[in-house]
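Below is one structure, written out as structure tokens; comments come after it.
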Amino acid sequence: MYDHKSIEQKWQKLWAERRSYEVVEEDEIPRKNRRYVLDMFPYPSAAGLHVGHPEGYTATDIYSRYLRMRGYHVLHPMGWDSFGLPAENYAIKEGVHPRESTWKNIETFRRQIQDIGFSYDWSREINTASPEYYRWTQWFFLFFYKRNLAYRKKAPVNWCVSCQTVLAREQVVQGRCERCKSEVIQKELEQWFFKITEYADRLLQGLDTIDWPESIKLMQRNWIGKSEGVNITYTIDGTDKTVTVFTTRPDTNFGATFITVAPDSSFVKECFTLFPEQANVAKYVESALRKTELERMAEGRVKTGVFTGWYAINQLNGKRMPVYISDFVFSTVGTGAVVGVPGHDLRDFEFAQTLNLEIIRVVVGEDGDISSITRAEQVQEEKGVMINSGFLDGLEINRAKDQITKYIEENGWGKRVTNYKLRDWLISRQRYWGAPIPIIYCDSCGEAPVPEESLPVLLPDDVDFLPTGESPLVRSKSFHKVLCPKCGRASRRESDTLDTFVCSSWYLYRYTDPKNTSEFASKKKMAYWLPVDLYVGGAEHAVMHLLYARFFCKALYDAKYITFDEPFTKLINQGLIIGEDGQKMSKSRGNVINPDDVVSEYGADCLRMYEMFMGPFEDAKPWSTQGINGIRRFLEKVYILFPKSNHESFHGQISKFQRLEQLLHKTIKKVTEDIESFKFNTAISQMMIFINEFQKQKDDLDTVHYKLFTTNFLLLLAPFAPHIAEELWSRTGHTASIFKTNWPLYKEEFIKDETITVVVQINGKARGEVNIARDADQSFVLSEARSNERVAKFLAGKEVKREVYVKGKIVNFVVA
RNA sequence: GCCAGAGUGGUGAAAUCGGCAAACACGCACGACUCAAAAUCGUGUGCCUUACGGCUUGCGGGUUCAAUUCCCGCCUCUGGCACCA
């Protein structure tokens, strides 16, 4: 039994004393030899570390330690994303100040993380809730404000009834709060926004330049939701008014039979008093406006609408199209008005059905159907050939789209436009535990930014946190003792705080220069370390955090603070670790594994290796308390196989361990390649294969070879199980840390086999195998194959119709 | 509904520019050591079959000398989006 506790404590203490993992920008180390390996920093919850945390941290730690052994200068920091609602809610429940509980949680997290032996540079630790940090978060707000990328407006916003605050669009999941799953309603409020939409196209373009999982890129693309179409303007018959619709399907415009506008659209507001059907319209609009956007979007609602009394003229064919108002059309999408083509759009079809509107077929059905469209199944949306469409007849829809778009533009009836689903980022929160928004309101001067030199705007302590729907800061007495920076008169501060995603959008820069008091980070240090070479974390941040951080990066690039505009060159998502029962780990299910218990019982090295051995890094994997025993046995075996003192003699014949030497080189190759591609599970399997073989042969080895094998193996093991590797390394007479030693290199000539095994198949079924020289010619291999005893038995009395030989791999005889 | 990703032994999984399916590990069984147990070591372990052999990568087709891998259709699960015009 190896004593993991004393070994692990010993080395963790030594690494800390020697400050082994602290790095600085060194002029003599060129930029190409530096790497920045980053974990998504944790939210220090009261529950403490979860086994999911060390999964990602172990992977980046293995990778960082490996890179150092390959001679790289590695920045690998850790910090705390410590502002946010859960801390505040916890504080309310427990009757403590969120600062107190958060600081305590950080202590726990730090201790737990340090117990696992990660090679973080702790001198760079950051905490987003500390004034030294949030001072710069506030600076970023001013940065956006000055660049005209932050603005305040009154808008319908999403409001969580339980958290009692507004949420970003990204934080509303299926009409519910992403955090607490409570109902989200809509409110009209004056709020601060970041103009992320200005970067929509660049956020889309940039995805093509980065090495991220395709699934994440796709999610971001969908979220940005670029759609290219045409804004077509129709005149209203008998008036001087026009209505402009946005459509991505101008090709079906010969099939247009009505126009629908959103009840809250500018068109309705402008023309309200002019509609001939005034009374009906007023009634419908009033009831529609009482519903929230979320209610209007509720699934399965029967579409309703009201006729305005107006007709729009379709210039293409002179058709008079009735203009309706309906709440299935949203003012926030496109122009807030759509042209109804009920034959080829399911929503338009449903609307036409309930209101008994005309339906015209303009695309031939997939099965050649050209009958009139009366059933939803006949509504063909995405492919086909045009019909009943004048000059477009016979064209495939995409060609028709090109032609008619040109035609519409040439006639001045409309023009090409691009729309995005992405909305501006709502950053105000009506809660306490966040960075105050650095704005001052003066009765005479209006809104003014807090001067940079007055930052930070400190969070006051004379506050009652109980959520009332109003920011707790509103009722602080000390907080609002402020003078207008313009006229000097007594003013009030903005009392909302910033969304915590603002804090986490720029932390990667701060790590390069965490103590800087005059800038968020110096340009020189950012230029040296950034961008982040490898970023690892959970896929739950696919859209929000990762999109916001990319937006910040592009804004900084435009302001010439940095020379790159994508913050994370490579991204890898870790898979979820689920409970032994196959369910997601949660307190209520009682299936939570506490890493502290695992470290205490099995050791940090064992926890690290087990988490890596469980399965592919990016897949979800269930925890197995029995499975971890296998890793413990492996470490135990390694510990016993290595001599405690460095002088023991061995006797043996060279020929006996040639195969072991070959296996060593294969192992070096496999482990090296697997670390680089984050396939830690198979790297560990390979190490086990080596150790199993080594165990069988070790008594026959001479001292020189014994040392060769153990030394090289320990180097491979070191990034995975750093404590035991350091310990055994020091016991074999080394005084320097194993991590100061170069990573072993394999030699291709040791790996190549002189003789190879070729499988012999008959009709595709393996029936035997032959050993041949690597470069044996085909006729020789075939004759060897035929003379194989078992093969010959199967071939006896049968006619071989065909012989296949794939060099060095396989022989296949095809028989009748 | 739409878009991704995944389905392989009792379990976690391995092998996919087509070439011996199940490496490595867990578990289980038997054996050694032990008074005994644990630990450790050894042997075995996809399914059917006494054996010869046959069958097997969610289901059904196809291409190929050869398919877990490629193509077509379906089923299930996970994640994301959801009246975006």
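Only a predicted model underlies this, so the values are computations on that prediction, with no experimental measurement involved. Excluded from the calculations below are hydrogen atoms, water molecules and symmetry mates; all remaining heavy atoms, backbone and side chain alike, are included. All chains are named by letter (A, B, ...) in the order of the sequence lines, taking the proteins before the strands, and each is independently numbered beginning at 1.
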(request) Grab the NZ-P distance between A/K798 and B/rC65 for me, whole Å please. (result) 20 Å
(request) With heavy atoms under 4.0 Å as the rule, sort A/E803 into base, sugar-phosphate or nothing. (result) nothing
(message) For A/D424 and A/T197, which I'm curious about, is there any donor-acceptor pair between the side chains at under 3.5 Å?
(response) yes
(message) Heavy atoms only, 4.0 Å cut-off, all strands: where does A/R296 land among base, sugar-phosphate and nothing?
(response) base
(message) Can you pull out the residues from residues 254-264 of chain A that lie within a 4.0 Å heavy-atom distance of RNA chain B?
(response) none
(request) Pick base, sugar-phosphate or nothing for A/N681, based on heavy-atom distances below 4.0 Å to the nucleic acid. (result) sugar-phosphate
(message) Give me the distance, rounded to whole Å, that separates B/rC71 from B/rG5 when you measure between the P atoms they each carry.
(response) 12 Å
(message) Rounded to whole Å, how long is the line connecting atom CD of A/E693 with atom P of B/rC24?
(response) 11 Å
(message) Checking A/S331 against A/D264: is there a side-chain donor and acceptor pair closer than 3.5 Å?
(response) yes
(request) Determine whether the side chains of A/R550 and A/Q220 contain a donor N or O and an acceptor N or O closer than 3.5 Å. (result) yes
(request) Please state whether the base of B/rC65 and the side chain of A/K801 form at least one donor-acceptor pair under 3.5 Å? (result) no
(message) Test of understanding: with side chain to side chain contact (heavy atoms under 4.5 Å, CB included), list the residues that count as partners of A/R347, not counting sequence neighbours.
(response) A/K303, A/F328, A/D345
(request) Identify which nucleotide among B/rC3, B/rC65, B/rG12 has an atom closest to any side-chain atom of A/P622, counting heavy atoms from C-beta outward. (result) B/rG12
(message) Do A/D201 and A/Y420 have side chains that approach each other closer than 4.5 Å (heavy atoms only, starting at C-beta)?
(response) yes
(request) Measure the shortest side-chain to side-chain distance between A/S685 and A/F613 over non-hydrogen atoms and say whether it is less than 4.5 angstrom. (result) yes
(request) State whether A/R221 places a side-chain N or O below 4.0 Å from either non-bridging phosphate oxygen (OP1 or OP2) of B/rC3. (result) no
